[in-house]
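On a predicted model such as this, the values are computed, not experimentally measured, just so you know.
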Amino acid sequence: MTSSAGSRDETVVQAGLQYWETQPASLDGVLGAPYPASMHSDHVNSSSISSPSCVWSHLRSVHSDLPILIPGESAKRYRALDVGAGIGRVTADVLLHLVSDVGLLEPVRPFIEEAHRRCLGISTSEENDASGWTGIRDGTKSVSFFRGPLQDFDPAQPRRHTEELKRLGNVPETDDTNSGFDVVWCQWCLGHLNDEDLVVFLKRSTAALRNSRSLIVVKENLCSEKKVPRTVFDEEDSSWTRSDLAFKKIFEDVGLQIIRQKVQHGLPAGLYPVKMYVPNSLAHQRPTDKMSDRQLVCETPLVDHIYCGVEWRQQVPNVDTPKGKDPEGPPILVPEGFSLYTENNAHILISSKDEAFLNPVQEFNRDLSVACIRVWSEDLNREKEDKFKRAEERRAQRLEQTVWEKPKREDEATGEVSTMNLDAVETGTSKPRVYHPHKFVLLEALSATGLRSIRYAKEIPLVRFVIANDLEPSATAAMRRNVEINGLGPFEEEIATQDGQQVVKSNAGKVRVHEDDACALMYNHRTEKTHVDVVDLDPYGTAAPFIDAAVQAINSGGLLCVTCTDMSVLATTNYAEKCFSNYGGMPVKAEYSHEAALRLVLNTISTSASRYGRYIEPLLSLSIDFYVRIFVRVHAAPIEVKKAASKTAIYYVCCGCASFHEQKLGRVTEKTNKRSGAVNLQYKTATGPPVNSTCPECGFTMHLAGPMWSGPLHNPEFVHKVVKHVDQNVKHYGTSMRMKGMLSVAQEELDVPFYFTPGKVAGIFHCSTPSLGDVTSALLNGGHQVSRSHASAGSLKTTATRAEIHDVFRAWAQRHPVRMDRISEVSPAAKLLNKDMTTQVDFQKHPESARLTGDVKIVRYQQNPAPNWGPGSRAGGKRKREQSDESR
């Protein structure tokens with residue numbers, strides 16, 4: 001029945017107490033017998049990572065003071081109040097795991113006495129835990145028990161109007177009973193207060209909060225409503241069930257602003273819906289904590305957590321400038337067997353069981369990826385906005401033409417010619433449309449811990465959502481846990497309809513975890529309607545098996561990010577057959593093998609894309625430490641695919657002096673039409689070979705390498721934007737100095753194949769090593785262009801041929817004579833030194849040499865970030881088939 005809950009009726013209060021005193025002091029009694037499992041899902045093992053740790057994390061991220069909680073390391077005592085506590089479920093299963101002291105209020109004597117016994121572990125119930133509640137037996141925590149009705153209870157003075165049972169556990173020397181609370185938890189008890197008493201209680205609770213970042217939590221049943229607040233009275237237990245608007249009206253009357261709210265799911269049919277609220281007092285805030293909607297959004301990341309089946313929802317802003325590690329950020333309880341890893345503003349829990357792979361050294365890779373994807377997304381958004389504006393201009397022109405050029409017509413009745421009435425033209429048809437920024441979808445096919453996906457979601461403003469996938473169940477479990485504690489999981493939001501009603505709509509969250517085969521998932525996105533904008537492949541080893549699926553899953557103009565860590569295959573000839581099977585090309589055994597590795601991977605991406613009428617545009621291709629990292633745009637344009645052969649080459653590499661000669665697989669020629677002047681492109685096969693089977697420099701044997709990509713490795717304009725972005729956000733990347741150094745080198749790098757290092761070439765000549773300044777000056781004075789290479793410290797790229805580079809070292813050897821008696825006559829050095837020079841060499845210092853040789857200080861190459869560092873070992877090891885008892 002519907003009833004007014006306006007004023008107190010003592011007969012109703014007593015009737016409610018009498019009802020509960022007839023119920024058994026057990027879980028069945030407080031929840032109903034038999035109680036649904038979904039209503040009892042908060043009764044979890046205290047070590048469960050999915051309960052107290054995450055609950056506190058999400059509550060505390062609601063504008064709270066408490067730091068990251070590591071068991072045994074918290075010096076401050078935090079206090080929580082559990083009102084209408086029954087037999088102490090919430091206190092035992094959640095609050096004692098997270099705070100030092102709990103005040104427990106319950107008006108029903110059998111319930112509070114049973115809670116007291118359970119706290120000591122002496123209950124006769126089958127549900128009793130003989131060890132008692134957490135922290136009581138070992139004297140690290142305490143619980144105070146107060147029996148009394150909620151109507152007259154004052155949280156600021158708990159002893160007033162109550163009967164106090166003996167306080168158990170670690171009782172502080174100084175009485176803290178009236179010191180207030182950090183959390184006031186109200187669960188399924190406020191229905192016994194009428195509206196007047198509820199407003200008074202909430203005001204008292206607000207006054208009892210310790211500071212502006214303390215919390216009130218309300219979890220109650222909701223009745224239906226029709227645009228107005230509604231209350232339903234239950235005669236059986238003498239309680240009121242309020243509607244959502246009724247609760248919100250009361251919160252407003254108290255001066256509370258709801259900053260978290262979430263509907264519970266999974267309850268049995270026929271029950272009232274359950275909702276959780278976290279209101280915050282506007283009057284209780286500090287001057288710096290004015291709670292405007294925008295500031296609330298900025299201070300709290302999206303958090304989704306399920307406790308008692310209830311998900312906590314927080315809004316997620318677009319993070320323009322991601323913050324570093326914030327001491328007042330979302331706190332996380334670190335359970336035993338886990339360690340907390342923080343990178344930028346992302347936190348993950350790492351299990352000691354090695355359930356998912358994480359390499360902290362790869363922070364540079366992740367920083368670089370965040371920066372590149374962010375810059376790409378801004379470029380893509382700018383392209384789409386320009387396209388939108390051009391379309392709007394054409395639309396406006398068509399409308400204007402329609403208005404002024406509409407033909408005149410003859411009136412059939414009068415025979416007069418009528419003109420168009422401009423005043424009658426609908427102005428709505430010419431109203432300009434508004435451009436909305438393009439939000440993109442990112443798919444990380446091999447996510448492991450989910451750290452990379454979490455960082456993408458939190459640090460890139462234009463991300464719509466991230467699909468984080470892994471095949472291993474242990475990895476997806478770790479991802480869900482990490483996504484949850486970062487507040488990026490599923491949630492529901494209330495949306496106002498046109499008729500003013502609130503509709504709850506599900507949102508899958510900003511990071512959406514999948515457990516599937518990576519290729520199968522990407523193949524499911526190969527249709528035009530299901531395409532994603534970015535695919536990130538960061539496997540343990542080679543990315544080759546995933547590239548074909550990846551290039552099909554990307555929208556035209558989308559970004560493909562690829563990491564390969566199998567450098568023993570790509571950058572040596574030890575496993576040439578494996579390199580060919582993975583990448584369709586043969587590797588190089590030379591000092592520039594790491595650049596050859598980049599070109600082999602790029603060729604694999606290019607040939608895979610070409611099969612589907614797509615071509616690639618490398619934006620940034622880096623050889624870093626023990627892996628390669630590549631960022632390419634994938635475009636759909638069959639006409640451009642015809643140019644792929646002219647960007648592919650085989651290289652003849654000398655095994656003696658490392659000289660190389662390029663053999664293109666195709667060529668593009670231009671033919672101009674004499675009549676129209678139009679230029680037509682013709683695609684033809686290339687002529688060759690460019691060299692004999694022996695090296696023209698030293699006479700040693702030539703080996704084949706490739707086919708591999710012979711086009712540009714980088715887009716200098718894009719790299720410049722990334723450098724500018726990093727310059728403006730130095731504090732937001734832990735490896736910003738290395739990023740600036742490597743990107744600056746890549747930006748200036750010449751678009752020519754392969755680099756050389758003076759030390760290596762001097763070793764071939766058996767001469768002393770000239771300085772970088774001497775070599776660069778000689779090449780610059782010879783009219784050649786010179787740049788550094790990012791792939792190796794001390795390396796150079798130049799437009800000079802290998803023969804011209806050898807002339808520089810012959811000239812150097814003339815100035816610094818070589819002991820020919822120590823050189824074998826059949827060695828490359830003997831033949832190189834005995835060969836005549838064909839060019840003049842000038843070692844006079846060139847003005848540009850300072851920029852290339854390090855006289856201008858910049859961190860181009862990073863030192864090893866840690867001792868004994870490297871790729872790390874795969875998580876978990878190989879899967880083993882479980883053996884049955886019969887087979888043992």
Side-chain angles (χ1 to χ4, degrees), residues 369 372-373 376-377 379-380 383 440-447 452 456 466-469 514 516-539 541-564 566 570 579-585 597-622 627-648 665 706-715 718:
S369 299
C372 288
I373 296 175
W376 163 85
S377 67
D379 282 350
L380 181 66
E383 291 172 7
F440 69 93
V441 177
L442 189 151
L443 189 156
E444 188 188 5
L446 305 143
S447 297
R452 189 182 293 264
Y456 290 160
V466 179
I467 302 171
N469 177 73
H514 284 253
D516 201 353
D517 176 81
C519 288
L521 177 64
M522 289 187 287
Y523 281 131
N524 285 335
H525 286 273
R526 61 185 170 182
T527 61
E528 187 173 353
K529 291 184 178 180
T530 58
H531 277 160
V532 297
D533 299 287
V534 181
V535 171
D536 193 331
L537 301 177
D538 186 22
T542 178
F546 311 103
I547 290 176
D548 182 80
V551 295
Q552 297 183 67
I554 300 177
N555 271 318
S556 180
L559 187 68
L560 175 60
C561 315
V562 179
T563 299
C564 292
D566 56 334
L570 279 166
C579 184
F580 182 80
S581 63
N582 282 349
Y583 302 100
L598 283 171
R599 296 184 180 277
L600 283 166
V601 177
L602 283 169
N603 183 62
T604 302
I605 301 172
S606 176
T607 54
S608 297
S610 297
R611 298 187 187 100
Y612 308 104
R614 298 181 159 217
Y615 74 97
I616 67 169
E617 175 194 357
L619 299 180
L620 181 64
S621 309
L622 299 177
Y627 61 93
V628 295
R629 182 65 169 168
I630 292 172
F631 302 87
V632 299
R633 289 191 76 174
V634 179
H635 302 275
I639 190 67
E640 293 293 328
V641 174
K642 296 181 179 182
K643 300 177 182 178
S646 62
K647 298 177 182 178
T648 307
L665 296 189
M708 61 182 70
W709 177 261
S710 62
L713 295 178
H714 320 292
N715 182 325
F718 173 82

Sidechain N-carboxylate O distance under 4.0 Å for Glu640, Arg633: no
Residues Arg629, Asp536: salt bridge by 4.0 Å N-O rule: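 Salt bridge between Arg629 and Asp536, a charged N being under 4.0 Å from a carboxylate O: yes.
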So do the side chains of [X] and [Y] get within less than 4.5 Å of each other, counting heavy atoms only?
| X | Y | answer |
| --- | --- | --- |
| Ile467 | Leu521 | yes |
| Leu619 | Cys372 | no |
| Leu537 | Met522 | yes |
| Leu560 | Val551 | yes |
| Val534 | Trp376 | yes |
| Tyr523 | Asp548 | yes |

Heavy-atom closest pair, residues Thr542 and Ala544: OG1-N, 3.0 Å
Minimum-distance pair of heavy atoms, taken over all atoms of Val628 and Ala597: CG1-CB, 4.4 Å
Whether Tyr615 and His635 hold their rings parallel, tilted or perpendicular, with breakpoints at 30° and 60°: parallel
Inter-residue atom distance Asn524.CG - Asp517.CG, 0.5 Å rounding: 10.0 Å
Verdict with supporting geometry, Tyr583 and Asn603, side-chain contact (heavy atoms from CB on, under 4.5 Å): CA-CA 8 Å; Tyr583 302 100; Asn603 183 62; over 6 Å; no
Stepwise side-chain contact (heavy atoms from CB on, under 4.5 Å) test for Arg452 and Ser369: CA-CA 9 Å; Arg452 189 182 293 264; Ser369 299; 3.2 Å; yes
